[in-house]
Structures are given as structure tokens and as C-alpha cells.
Amino acid sequence: MSDSTTNDTGPTTTPPAWWTTATVYQIYPRSFADSNGDGVGDLGGIRQRLGHLHDLGVDVIWLSPIYRSPQADNGYDISDYDDVDPLFGTLAEFDALTDEVHALGMKLVMDLVVNHTSDEHPWFVEARSSRDAPKRDWYLWRDPLPTGQGADAAGTPGAGSHPTAWRSAFSGPAWTLDEGTGQYYLHMFASKQPDLNWENPDLRRAVFDMMNRWLDRGVDGFRMDVINHIAKEPTSLAPGASHFVMGGQIHDHLREMHREVFAHRTGRELITVGEMPGVTVDDAKLFTAADRHELDMVFQFEHVGLDHGPASKFDNLPFDLVALKRSLSRWQEGLADQGWNSLYLGNHDQPRSVSRFGDDGRYRFESATLLATVLHLHRGTPYVYQGDEIGMTNAGFTSIEQYRDIESINWFDESVAAGADPEHLLEALRFRSRDNARTPVPWSGGAAAGFGTGTPWIELVANHDTVNVEADRAAGERSVFEHYRRLIALRHESPVVALGSFELLAPDDERLYAFTRTLGDEQLLVLANWSGEAYELDPALHPALRRRSVPQVVIGNVPGGAGLTLAPWEVRVLRS
Ligand code: NOJ
């Protein structure tokens with residue numbers, strides 16, 4: 001958000017919004033650093049490690065949920081929006097953290113989870129107490145259909161009484177019968193995460209009031225969990241309607257939120273980002289156009305869905321560079337004049353980016369830095385997920401007992417019950433499970449890796465003796481951290497990185513990711529060899545490659561990289 005409604009400038013007008021030069025760092029608190037020895041990361045741990053983030057140079061810290069929660073989905077199931085879960089600390093510690101973040105010149109963004117609450121939230125406890133409860137309508141209820149006219153628990157239409165055959169994102173039906181009142185409630189995620197009814201004005205008021213309390217407390221904005229799913233029109237809940245449609249009211253809800261929560265906060269630099277599975281470029285333009293007063297940017301999912309097969313996200317397809325380039329460049333072009341991109345390759349719901357898109361073995365350093373460079377040189381606001389700045393790899397778990405994630409475990413159990421081969425399922429999880437990105441950050445070598453003194457809630461990655469913060473930061477020219485630091489600084493210093501136009505080169509090349517960024521007379525040429533073999537550049541690709549004088553390398557990952565040969569996983573950014 002820019003500082004006032006009348007001065008709500010987007011990136012293409014003057015002055016550009018502050019977040020065009022910013023980089024956001026995501027902390028998944030339970031896996032970041034544990035200060036009290038209970039094996040779970042906490043606010044105290046974050047406070048001890050703020051120097052790491054300050055050194056990295058990030059502008060904004062986004063905290064995954066730290067509110068009170070039964071932790072069915074690691075905090076994405078909130079039972080009190082106004083308190084910190086004792087697992088993570090206290091409100092007083094939160095205030096201290098906010099002050100410390102601000103004193104270091106950074107901002108703090110909260111996760112806002114208002115598509116659903118926990119079933120232990122007092123709102124839901126009241127709502128389910130009777131059909132006449134004042135807050136009954138804050139959730140979504142449907143009568144059972146006469147047996148045989150609805151779906152059964154396995155999702156078979158005509159075999160049970162469920163209002164629709166919808167499936168929850170975490171396996172099983174999206175409807176659970178509340179025995180006490182005899183109606184089904186909707187939950188797009190776990191049954192412990194009932195969906196809120198955003199058509200109810202009192203519910204919306206309660207959410208806006210809560211957001212205002214956090215902003216008054218000093219936080220600098222929100223990352224909004226599955227926010228495009230909040231508008232479920234009554235008709236879209238009908239049997240046969242498309243799954244979890246993005247109801248037409250969504251834009252109204254977001255504009256109302258802007259009016260009620262952000263518009264009057266002139267003089268503050270705030271940020272809003274909406275997580276939006278299924279969002280298209282055209283939708284995103286509407287959500288993020290500055291003059292529409294909805295959101296600053298959205299997280300879109302197109303590029304992280306390219307390797308999902310038709311059966312489910314666990315149906316793993318091989319990586320296809322041409323498809324990735326096509327997708328990301330379509331978003332670059334689509335939001336060139338209106339709206340703004342968020343840039344990410346990993347987060348707490350995705351596998352580790354170096355394992356998924358790069359080579360997490362022999363070329364771990366080169367491919368981790370290549371991925372970072374390609375991403376950070378796009379137009380948009382980059383998001384760094386904790387551990388990516390040291391090239392952390394997937395978890396490498398081999399047994400279901402090692403997993404903690406509700407999505408992974410439910411999918412495994414359901415598939416085993418349906419007769420699937422457990423070894424095959426474990427292989428899919430090894431690649432795709434969300435737990436791949438949720439292992440504790442290894443701060444140093446040694447058995448506990450400097451994460452804390454207790455047994456961590458989830459195992460460390462086996463390579464933590466070599467892949468850890470201390471080792472990486474001491475690695476000189478081969479420090480992933482140092483490379484990220486330079487990329488983040490480059491965006492601060494260089495308007496062409498923040499605002500330049502984007503042009504993809506060689507779109508059909510299966511190994512080269514090349515593009516230019518141009519602003520006025522200035523142009524950067526990005527050349528990335530997305531493969532484990534040397535790559536010969538074609539001088540016809542760009543005039544800079546045909547000149548006698550060698551163009552200046554702004555940033556690269558192979559010392560002395562020059563000429564027309566790119567080493568395996570080499571990336572070079574040239575001032576052309
Ligand atoms: C998206 C979050 O990123 C994910 O971790 C969570 O499980 C779901 N939304 C439900 O809140």
C-alpha cells in the first residue's frame with residue numbers, strides 16, 4: 001500500500017511504490033530457531049537471529065502464523081487472532097520483536113488466515129452450539145441431502161448425504177457433519193479448519209477490526225492466506241458447481257477491506273499480498289491495479305503447478321524449462337503496465353527450489369545461485385524463503401514416520417487405504433511433500449545444528465553438517481548467502497532491476513534462460529545455463545555478444561565468467 005488513498009501510486013507512475021525495490025523474507029517460525037529448548041522455533045529464536053536477516057539486506061519479514069492455534073495445520077488453524085501461541089512466545093515478545101525489526105530498518109508482515117478459523121475458535125464453538133446461535137451464519141452450513149441423493153465420504157455422487165462431492169485440499173470430503181445440530185459445515189482444508197462466511201457483514205467487521213488492531217500494534221501489512229477463496233456465493237455452494245469458485249464478491253470484499261483497514265493510514269508504508277491459487281493474469285491485473293485499491297500484489301501458482309500431473313499435486317511430472325519460461329514471461333508481460341508481480345520459487349508449501357529446479361548435488365551452489373539470479377532479475381517483488389539463502393535441499397525422508405505435514409500424511413493414508421504401493425507414495429512425497437521445506441534451519445554444524453537444544457519437532461536434513469548458515473557464510477566466493485545479498489542490494493541500487501521492462505530471448509531453448517531488462521538507456525542481459533553441461537551461446541542472441549569489448553558482468557556465479565561458453569549452471573548478468 002502506498003501512503004495515502006489520494007496518493008496511491010502504482011509502480012508505473014511517479015514515484016514508484018516503495019515495495020518495487022524491496023525483497024521479502026519469509027520465516028516459518030516453528031523451523032527457524034528455537035530459543036527455549038522445546039524443539040520448536042519461536043519468537044525468541046527469531047529475535048536472536050535478526051542480524052542474519054539484516055546482513056542479508058531484506059526489507060520485509062513475513063511471519064507464517066504465530067497466533068494461538070491447536071496446530072492442526074501448523075498455525076494455519078487459528079483459535080485466537082489476538083494472541084500469540086505459547087509455543088512461540090507472548091505478545092510482549094512479539095512487541096519487542098516488532099520494535100527490533102523496525103530499529104534495524106525492516107518491516108514485519110503477518111500472515112492473515114481468514115478464509116477459515118480453527119474449529120476451536122470461540123466463533124465456531126458458538127456457531128455450532130445451535131442453529132439459532134448469533135454467529136451460526138459466520139460459517140457455511142448445509143442440510144444433509146436425503147441418503148442416496150448426495151455424495152458419500154469418498155466423494156461418490158449419489159451414494160450418501162453430503163451436500164456436494166467436493167474434496168478437501170487435505171484429502172477426504174470438504175463437508176463434515178456437525179452431529180449436535182445435524183448440518184454439514186464446509187472446510188476446504190482440514191475438518192478442523194471450518195470456512196468463514198464472508199457474505200455476513202458482522203464477520204467482515206470482526207475481521208477488519210482484528211486487522212486494524214494488528215496494524216495499530218505496529219505491523220506493516222499482511223500476507224493473506226488463500227484470499228481469493230473467501231467469496232463463496234451461496235449459489236456456488238450448490239451441488240455440481242465448480243470447485244471453490246472465486247465468487248464475484250471477491251473484489252468488493254477486498255475494496256471494503258482497503259477502505260476499512262488501510263485507506264486512512266496515510267504516511268505509513270504498508271504491504272498487502274494475496275495468496276491466490278488458480279488466479280489468472282487477467283484476475284491479477286484487477287486485484288493489483290493501483291487505482292482499484294484492492295491488493296499490492298498476489299502470489300500466483302501457475303509456474304509451481306507446471307510439474308503437477310493430472311491426478312494430484314503428488315503426481316510428479318518432469319521439469320520443463322520452456323514451459324517455465326513461457327509461464328513466467330506471460331506474467332511479466334501481463335502485469336507490465338498494470339499491477340505488480342510477486343516472485344517466488346519456494347515457500348513452506350513447496351519443495352526446496354534447488355532440489356526441484358536445480359541440481360542439489362554436484363552443482364548445488366551454482367544452481368541455487370542461478371535460480372536466485374533469474375528470479376530476482378525479473379520484474380516484481382522477490383520473496384526469499386528461509387534456508388533458500390544458503391541453498392537448503394529437500395528433507396530426504398524415507399519413512400512416513402518422519403513426516404509431520406497433515407496434507408502429506410492424509411494423502412499417504414488415503415492412498416494406502418485405496419491400495420497404492422507405499423514405496424511409490426514415499427517416492428512422491430520425497431519430491432513433493434511440504435515437509436521438504438519445513439526442516440529446521442541449520443545455523444551451524446554439530447548434532448543440533450545450532451537450531452536449539454531440544455529434539456526438533458521435525459528432523460534436520462541429513463546434510464546439515466555441510467549445508468548450514470555458518471559454513472555457507474564462510475564460503476567466500478561460493479557463499480549462496482553472499483550471492484543473495486548482492487542480488488538484494490542490486491535491486492535497491494538499480495532502477496532497471498526494479499522497474500525495467502522485460503523481454504524473453506530464445507523462448508524455445510531447452511537449456512538457456514535468457515532475457516533483458518530495459519529502462520531508458522540502460523539494459524541488463526541475463527544469461528543462465530539451466531543445465532549440468534557447458535552451453536555455447538549463439539552470438540545472434542543479442543548484440544552485446546557480438547561486440548569486441550567484453551560487457552561488464554554485474555553479477556555472476558562463476559569467477560571470471562566471460563566469452564561465449566557458459567559453464568554448467570552458470571549465470572551471468574551483463575550490462576549490455
Ligand atoms: C495456504 C498456506 O500457505 C498453507 O500452508 C495452508 O495449509 C493453507 N493455506 C490453509 O490455510
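Scope of the values below: all heavy atoms of this structure, side chains included, with no hydrogens, waters or symmetry mates. Counting starts at 1 for both ligands and their atoms, following the listed order.
Tested against Thr272 for a side-chain contact (heavy atoms from CB on, under 4.5 Å), the candidates Met224, Met211, His258 yield a single pass: Met224.
Because its NZ or CZ atom is both nearer than 6.0 Å to the ring centre of Trp18 and within 45° of the ring axis, Lys107 counts as a cation-pi partner of that residue. For the pair Arg136 and Trp141, the distance from NZ or CZ to the six-membered ring centre is under 6.0 Å and the angle to the ring normal is within 45 degrees.
Residues meeting the ring-ring contact (aromatic ring centres under 6.0 Å, His included) test with Phe319, sequence neighbours left out: Phe357, Trp530.
Atom CD of residue Gln300 and atom CG of residue Asn228 lie 12.0 Å apart, to the nearest 0.5 angstrom.
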Are any protein N/O atoms closer than 3.5 Å to the N/O atoms of ligand 1? If there are, list each pair with names and the distance to one decimal place.
residue: ligand 1; atom: 3 (O); partner: Arg223; partner atom: NH2; Å: 3.0
residue: ligand 1; atom: 3 (O); partner: His348; partner atom: NE2; Å: 2.8
residue: ligand 1; atom: 3 (O); partner: Asp349; partner atom: OD2; Å: 2.4
residue: ligand 1; atom: 5 (O); partner: His348; partner atom: NE2; Å: 3.0
residue: ligand 1; atom: 5 (O); partner: Asp349; partner atom: OD1; Å: 2.7
residue: ligand 1; atom: 5 (O); partner: Asp349; partner atom: OD2; Å: 3.4
residue: ligand 1; atom: 5 (O); partner: Arg434; partner atom: NH1; Å: 3.3
residue: ligand 1; atom: 7 (O); partner: Asp73; partner atom: OD1; Å: 3.4
residue: ligand 1; atom: 7 (O); partner: Asp73; partner atom: OD2; Å: 2.5
residue: ligand 1; atom: 7 (O); partner: Arg434; partner atom: NH1; Å: 2.9
residue: ligand 1; atom: 9 (N); partner: Asp225; partner atom: OD1; Å: 2.9
residue: ligand 1; atom: 9 (N); partner: Asp225; partner atom: OD2; Å: 3.1
residue: ligand 1; atom: 11 (O); partner: His116; partner atom: NE2; Å: 3.0
residue: ligand 1; atom: 11 (O); partner: Asp225; partner atom: OD2; Å: 2.7

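Side chain to side chain, His187 and Ser168 fail the donor-acceptor criterion of an N or O pair below 3.5 Å.
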